[in-house]
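These notes are about the structure you will find just below.
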Amino acid sequence: MTTPTQHAQAWLGRFEAALDSGDADAVAALFEADSYWRDLVAFTWNIRTEEGRDAIREMVAARARDVQARGFTVRGEATEAGGVTEAWFDFETGLARGHGLLRLKGELAWTLLTTMTELKGHEEKKGTQRVKGAEHGVFPGRKSWAEQRAEEEATLGYSVQPDTVIIGGGQGGIALAARLRRLGVPAVVIEKNARPGDSWRNRYKSLHLHDPVWYDHLPYLPFPDDWPVFAAKDKIGDWLEHYTRIMEINYWSSTVAEKARWDEASGTWEVRVVREGKPVTLRPKQLVFALGVSGYPNVPKIAGAETFEGVQVHSSKHAGSDGWTGKKAVVLGSNNSAHDICAALWEHGADVTMLQRSSTHIAPSDSLMELALGGLYSEQAVANGIDHHKADLIFASVPYKIMHTFHIPVYEEMKKRDADLYARLEKAGFMLDFGEDGSGLFMKYLRRGSGYYIDVGASELVANGSIKLKSRVNIERINPKSVTLTDGTELPCDLLVYATGYGSMNGWLADLISPEVADQVGKCWGLGSATTKDPGPWEGELRNMWKPTPVKNLWFHGGNLHQSRHYSQFLSLQLKARHAGLDTPVYKPAPAHHVR
């Protein structure tokens with residue numbers, strides 16, 4: 001009897017033979033009609049999902065002979081469940097080594113993930129290849145490690161130009177810089193704040209991570225095994241600060257990027273910054289924006305705002321709830337930040353009202369952990385042999401086109417498990433949803449980056465009336481000491497917080513480079529799902545993230561801690577290949593859609 005491993009290896013053998021012969025029809029015939037091949041850089045120098053046999057055939061015809069993929073070998077033992085055979089495998093190409101995950105239904109492939117793991121001849125110096133460090137012997141003029149680091153910090157960006165400049169020194173920029181450092185790519189991180197981690201420290205006092213620790217490790221240096229499941233913002237800020245030093249990242253704090261332009265003649269960017277009050281011009285080949293998930297804060301323009309005598313602030317600038325005891329607070333919005341801020345204000349004795357303009361998905365944290373994340377990111381998952389590296393690849397192996405079908409059953413179960421909370425929220429007037437197709441939180445995050453709250457306690461306060469709620473309304477007018485709502489209600493107000501989200505990341509480009517370049521890049525984030533705030537056409541991957549954009553040598557990196565960790569690997573390999581002068585023909589770069 002054929003074992004799952006033998007079954008998978010036999011398919012990989014046929015696959016390799018068809019690739020080697022350049023027979024695109026034979027490769028396509030190995031896939032189901034409804035099938036998906038997701039490639040992270042290895043075959044396409046891009047992040048793409050080929051959906052269906054025709055797309056797979058077209059990609060193979062264009063790329064197979066150049067890629068020269070071979071050596072497809074099952075790693076470990078394949079498994080079979082529910083008619084699906086699943087197998088991890090290794091392979092190599094002419095330029096790189098790779099790793100992948102195959103799912104077979106019968107004799108044909110249903111999903112295939114291929115990822116580049118390292119470039120031949122440009123491997124990280126780790127394990128047995130690590131540098132020696134100490135130079136044993138006697139060398140006149142020897143420089144210590146500290147002296148070498150000081151020299152690098154003094155010259156990089158001045159007499160020596162970096163290959164890559166990363167604008168944004170939060171988790172994304174730091175993770176990418178750590179990977180580039182290991183690959184030998186000279187890079188500088190530009191951050192306006194005074195210290196690494198300040199982008200976390202400067203948020204509202206009560207902020208904690210809503211994602212669990214197993215989901216949030218940084219590259220190379222996982223959190224200690226006693227790290228809290230949900231870490232406080234200042235704890236994360238301190239970790240990021242220490243990480244930049246441990247990983248020897250060239251981090252320019254108190255530095256503001258003022259203007260950038262591409263110089264075609266030299267093939268470099270000209271990036272003008274002010275570092276600690278002094279102007280500096282950087283000339284990197286690659287420019288990366290690593291500014292999170294979003295662009296500028298959305299601050300609504302409301303009649304009478306200039307007459308308000310209290311404090312009005314966007315949630316990104318809200319310092320905390322101290323000092324508002326006995327005061328009247330109004331929070332416009334009903335997603336994560338709005339709930340966190342409302343709960344903290346209530347804890348500090350404020351009279352707080354949440355204004356809900358549109359429906360929100362609520363996912364109780366315990367249920368989310370158990371039903372959605374626990375199989376991949378939990379202590380039990382680690383005990384089952386699924387660390388965050390393996391979990392990341394399992395997660396990445398599910399094509400976005402069908403990902404919602406994996407999530408719908410999770411949130412159907414959540415509806416049953418938390419039915420009492422949901423019923424009481426709706427009785428209080430809260431508008432609930434589970435996404436337009438019932439696929440819940442993560443699909444909302446991927447499609448629009450908003451529209452949900454991971455409940456860590458505030459929903460009970462809304463349900464029992466401790467946090468007052470006005471739904472289906474907006475603010476019509478702001479008065480000196482109150483706000484008037486669109487239903488005619490007037491609410492006394494000392495503090496007005498706009499928890500109204502953010503614009504697209506390409507908004508940063510309009511100011512730093514030009515409006516024309518911003519529109520050339522187009523919308524960032526979203527899949528083109530034709531759902532709320534994620535207009536079509538369908539793209540199959542997150543727009544402009546971690547891959548070549550429509551603007552030469554311009555990149556976007558970001559997302560949550562998990563995405564910053566996982567996709568920094570693939571962005572760093574693309575940047576390293578260009579730094580090394582390798583040929584990187586990008587298969588079907590995505591066109592721009594939806595200008596600002």
Side-chain angles (χ1 to χ4, degrees), residues 1-15 27-40 49-53 55-56 72-91 99-115 214-215 363 367-417 434-435 437-443 446 527 540 566:
M1 182 177 177
T2 302
T3 67
T5 301
Q6 292 168 333
H7 180 45
Q9 187 62 61
W11 187 93
L12 288 170
R14 294 192 294 273
F15 179 64
V27 173
L30 293 170
F31 287 79
E32 286 204 317
D34 180 21
S35 57
Y36 306 87
W37 180 351
R38 189 173 193 223
D39 180 62
L40 305 184
T49 301
E50 310 307 329
E51 300 175 357
R53 287 174 177 161
I56 291 168
F72 288 85
T73 307
V74 172
R75 176 191 287 191
E77 294 296 326
T79 61
E80 193 280 330
V84 176
T85 300
E86 191 169 283
W88 296 97
F89 62 90
D90 296 313
F91 68 99
H99 188 50
L101 180 58
L102 168 69
R103 293 187 184 93
L104 296 171
K105 288 184 175 179
E107 298 301 315
L108 301 178
W110 175 36
T111 72
L112 178 68
L113 172 72
T114 50
T115 74
W214 307 277
Y215 188 78
S367 296
L368 188 69
M369 285 281 294
E370 182 177 330
L371 300 175
L373 290 174
L376 295 180
Y377 300 98
S378 66
E379 208 64 48
Q380 186 59 53
V382 173
N384 292 339
I386 302 175
D387 62 7
H388 61 281
H389 301 293
K390 191 170 186 177
D392 288 349
L393 290 171
I394 295 171
F395 201 94
S397 72
V398 179
Y400 290 127
K401 186 76 170 182
I402 58 173
M403 185 176 282
H404 66 286
T405 66
F406 286 63
H407 287 260
I408 289 170
V410 170
Y411 293 95
E412 288 295 325
E413 182 59 31
M414 193 177 292
K415 285 180 187 178
K416 298 174 185 176
R417 174 172 169 155
F434 283 81
D437 53 7
S439 59
L441 188 146
F442 201 74
M443 294 311 300
L446 292 169
L527 303 169
H566 181 57

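Scope of the values below: all heavy atoms of this structure, side chains included, with no hydrogens, waters or symmetry mates.
Taking 4.5 Å as the limit, some side-chain heavy atom of Thr111 sits within range of a side-chain heavy atom of Pro399. Side-chain contact between Leu527 and Met403 is absent, with no heavy-atom pair separated by less than 4.5 Å. In this structure, the side chains of Leu113 and Arg103 stay at 4.5 Å or more apart for every pair of heavy atoms. In this structure, the side chains of Leu102 and Glu86 stay at 4.5 Å or more apart for every pair of heavy atoms. Taking 4.5 Å as the limit, every side-chain heavy atom of Thr79 sits out of range of all side-chain heavy atoms of Pro4. Using a 4.5 Å heavy-atom cutoff, the side chains of Trp110 and Ile402 are in contact. Between Trp88 and Val74 there is no side-chain heavy-atom pair separated by less than 4.5 Å. Side-chain atoms of Phe442 and Phe395, non-hydrogen and from C-beta on, do get closer than 4.5 Å to each other.
Annotation: cation-pi pair Lys401/Tyr36 absent, no NZ/CZ under 6.0 Å from the ring centroid and within 45° of its normal.
Checking Asp392 against Tyr377 by side-chain atom types alone, a donor-acceptor pair falls below 3.5 Å. The closest side-chain donor-acceptor pair between His99 and Asp90 falls under 3.5 angstrom. For the residue pair Asp39/Thr114, the side-chain donor-acceptor check at 3.5 Å is satisfied. Between the side chains of Glu80 and Thr85, no donor-acceptor pair is found at a separation under 3.5 Å.
When each of Leu368, Leu441, Leu371 is checked for a side-chain contact (heavy atoms from CB on, under 4.5 Å) with Val410, only Leu371 meets the rule.
Between Arg417 and Glu370, at least one side-chain N (NZ, or NE/NH1/NH2) sits under 4.0 Å from a carboxylate O, which counts as a salt bridge. A salt bridge links Arg14 to Glu107: at least one charged side-chain nitrogen sits closer than 4.0 Å to a carboxylate oxygen.
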Check the pair Leu104 / Glu32 against side-chain contact (heavy atoms from CB on, under 4.5 Å), numbers first and verdict last. CA-CA 9 Å; Leu104 296 171; Glu32 286 204 317; over 6 Å; no

Apply side-chain contact (heavy atoms from CB on, under 4.5 Å) to Leu376 and Tyr215, showing your working. CA-CA 9 Å; Leu376 295 180; Tyr215 188 78; over 6 Å; no

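Side-chain N or O atoms of Arg53 include one that pairs as donor or acceptor with a backbone N or O of Phe31 at under 3.5 Å. A distance-only check finds a donor-acceptor pair linking the side chain of Asp437 to the backbone of Ser439 [under 3.5 Å].
Of all the heavy atoms in His7 and Gly106, the pair that sits closest is NE2-O, 2.7 Å. Of all heavy-atom pairs spanning Ala109 and Trp11, the tightest one is CB-CZ2, 3.4 Å. What you find for Gln6 and Met1 is that their closest heavy atoms are OE1-O, 3.8 Å. Counting all heavy atoms, side chain and backbone alike, Glu51 lies closest to Gly540 at OE2-CA, 4.1 Å. Closest approach of Ala372 and Tyr411 over heavy atoms only: CB-OH, 4.4 Å. Of all non-hydrogen atoms in Leu40 and Ala396, the two that sit nearest each other are CD1-CB, 4.4 Å.
Between the CZ atom of Phe91 and the OG1 atom of Thr115 there is a distance of 6.0 Å, given to the nearest 0.5 Å. Atom CG in Leu108 sits 8.5 Å away from atom OG in Ser35 (nearest 0.5 Å). Here Ser397 contributes atom OG and Arg38 contributes atom CZ; the two are 9.0 Å apart, rounded to the nearest 0.5 Å. Here the straight-line distance linking atom OG1 of Thr49 with atom CH2 of Trp37 works out to 12.0 Å at 0.5 Å rounding. Rounding to the nearest 0.5 Å gives a distance of 13.0 Å between CD of Gln9 and OG1 of Thr2. To the nearest 0.5 angstrom, His388 atom NE2 is 13.0 Å from Ile394 atom CD1.
For Glu413, the side chain to side chain donor-acceptor pair (under 3.5 Å) criterion is met by no residue, not counting sequence neighbours.
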